[in-house]
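Here the structure is laid out as structure tokens; the discussion comes afterwards.
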Amino acid sequence: MDQLSESAIDAVANLARDAGLQVTNITAPSGSPGVPTSVPVLLDPKAGRAGSLKSLFDEWRSAPERKAGTAKATTLESFIELTSRHKITHSVIFANTDWKAPSLTAVIDYHQLHDLPPAEGKDEPVATRAGVAEFGRHRVDYKFPLSEEWRARGAQDKQPMNQAAFAEFIEDHISELASPHEDEVSYWEEKLGGKVAYPNELKLLSIGLKVHAATKVASNVTLQSGEGEITWAEEHRDMKGDKLVVPSLFIIQLPPFFMGESIRLPVRLRYRVREGSVTWVFQMYRPDVYVTEQVMTDMERAARETALPAYQGAPEMSA
């Protein structure tokens, strides 16, 4: 409550007078921003103390003094809708682009700006930093919750797996495999080297790994194409075995965020042979770049659909 009604103050003053107290107004210094011209206080002449009347009236509020608090959206669409519902003239959006903990925050009651007259020869007014300060305590927050697909990929990224476990992982996540575009094949084979695999090649690889799950490796070699070639030694047979061609790269397509847009990124595939056993490792290539790009895209979408300015960073005041 910025100002107490005169009738309410008069009622308190009469009660205070009966109790030997006094209600008076203290005038604020001239030009104090955000402060009323005067505030009522309760004086106790005997004790020599002055107390605010505001707290007495706040106890009987039927509505809050101003909007405050942080609404937490779990999807980008809800963030946009909530921000659009509450926004005012000076609301803004901030984006934390840290790929490991990205977020969007709409500060509804952000600092106001004043417009200066147009500069000479210009038609549009020039916004200046000078303006009315606001509390910045009414917000909408979106934390970019990770999708289950991304969590599963992240949990296994760079983690060694045995032959059977890796074959099962490929089979369980076959829907995330994407056929590389022609330009992707040439770009990634030149940038990272090796052979970019198609989904059907990885499917055959997983089947081959299951067939040889209990079989020792006889030999392995890296071909000029960048592929790997593994020769298996079948028990109760001669040492000729079967050959399994292993690509060094493949493309996945999945949403990093819950109910978000899918992104495409390359994955390196590596294996090591020791004492007849194979250890497999896959590694997503620069996931930070792809996640950050998606956060930037979502920030631009939120700014466009809410018609608010957006900044990379964080507000200067706490919620």
Side-chain angles (χ1 to χ4, degrees), residues 1-5 27-40 52 54-55 57-58 61-99 101-145 257 259-261 292-319:
M1 182 183 300
D2 295 327
Q3 292 182 336
L4 299 174
S5 66
T27 303
S30 178
S32 300
V35 176
T37 55
S38 65
V39 292
S52 172
K54 184 175 182 299
S55 59
F57 285 85
D58 282 344
R61 280 189 178 278
S62 60
E65 182 177 2
R66 61 177 62 87
K67 292 181 179 180
T70 302
K72 299 186 183 299
T74 56
T75 64
L76 180 62
E77 286 72 17
S78 291
F79 172 81
I80 292 172
E81 291 175 6
L82 276 170
T83 301
S84 297
R85 174 174 179 169
H86 292 288
K87 71 175 183 177
I88 56 178
T89 305
H90 302 284
S91 301
V92 299
I93 295 173
F94 286 94
N96 178 5
T97 55
D98 177 3
W99 77 279
S103 64
L104 294 178
T105 300
V107 183
I108 304 301
D109 54 336
Y110 195 62
H111 304 313
Q112 300 181 24
L113 293 178
H114 286 163
D115 287 338
L116 293 177
E120 186 176 353
K122 302 289 185 179
D123 295 329
E124 297 295 328
V126 179
T128 177
R129 295 180 188 177
V132 178
E134 293 287 354
F135 289 95
R137 292 177 182 171
H138 185 204
R139 305 184 179 197
V140 181
D141 198 31
Y142 173 56
K143 292 293 188 185
F144 284 96
F257 308 121
M259 296 185 67
E261 297 293 330
T292 301
E293 286 179 352
Q294 186 61 48
V295 172
M296 294 295 294
T297 298
D298 290 346
M299 179 194 75
E300 292 167 0
R301 176 188 168 188
R304 182 175 62 254
E305 295 189 17
T306 60
L308 293 177
Y311 307 96
Q312 298 178 50
E316 64 272 35
M317 76 283 279
S318 58

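In this chain, numbering begins with 1 at the start of the sequence shown. Remember, it's a predicted structure, so these values are computed and weren't measured experimentally.
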For [X] versus [Y], what's the shortest heavy-atom pair and its separation?
| X | Y | value |
| --- | --- | --- |
| N96 | A101 | ND2-O, 3.2 Å |
| I108 | I88 | O-CG1, 3.3 Å |
| M299 | A310 | CG-CB, 3.8 Å |
| L104 | A302 | CD1-CB, 4.3 Å |
| F94 | G313 | CB-O, 3.6 Å |

Would you indicate whether the side-chain heavy atoms of Y142 and I80 approach each other to under 4.5 Å? no
Side chains of M296 and T97: does their closest heavy-atom pair fall under 4.5 Å? yes
Output every pair passing side-chain hydrogen bond (donor to acceptor under 3.5 Å, both in side chains) with a member in residues 297-310, not counting sequence neighbours, ordered by first then second residue. E77-R301, Q294-D298, R301-E305
Please list all pairs passing the side-chain hydrogen bond (donor to acceptor under 3.5 Å, both in side chains) test where one or both residues lie in residues 310-319, with sequence neighbours left out. Y110-E316, H111-E316
Interatomic distance, [X] atom [atom1] to [Y] atom [atom2] [nearest 0.5 angstrom]:
| X | Y | atom1 | atom2 | value |
| --- | --- | --- | --- | --- |
| T105 | F79 | OG1 | CZ | 6.5 Å |
| S91 | E134 | OG | CD | 9.5 Å |
| K87 | L308 | NZ | CG | 5.0 Å |
| T70 | R137 | OG1 | CZ | 11.0 Å |

Within the supplied structure, the quantity of interest is the number of heavy atoms (other residues, nucleotides, ligands) at a distance under 6.0 Å from M259 CE; does it exceed 12? no
Determine the interplanar angle of the H86 and H138 rings, folded into 0 to 90°, and report it as parallel if under 30°, tilted if 30 to 60°, perpendicular if over 60°. perpendicular
Q112 vs T89, side chain to side chain contact (heavy atoms under 4.5 Å, CB included): CA-CA, chis, key distance, verdict: CA-CA 8 Å; Q112 300 181 24; T89 305; over 6 Å; no
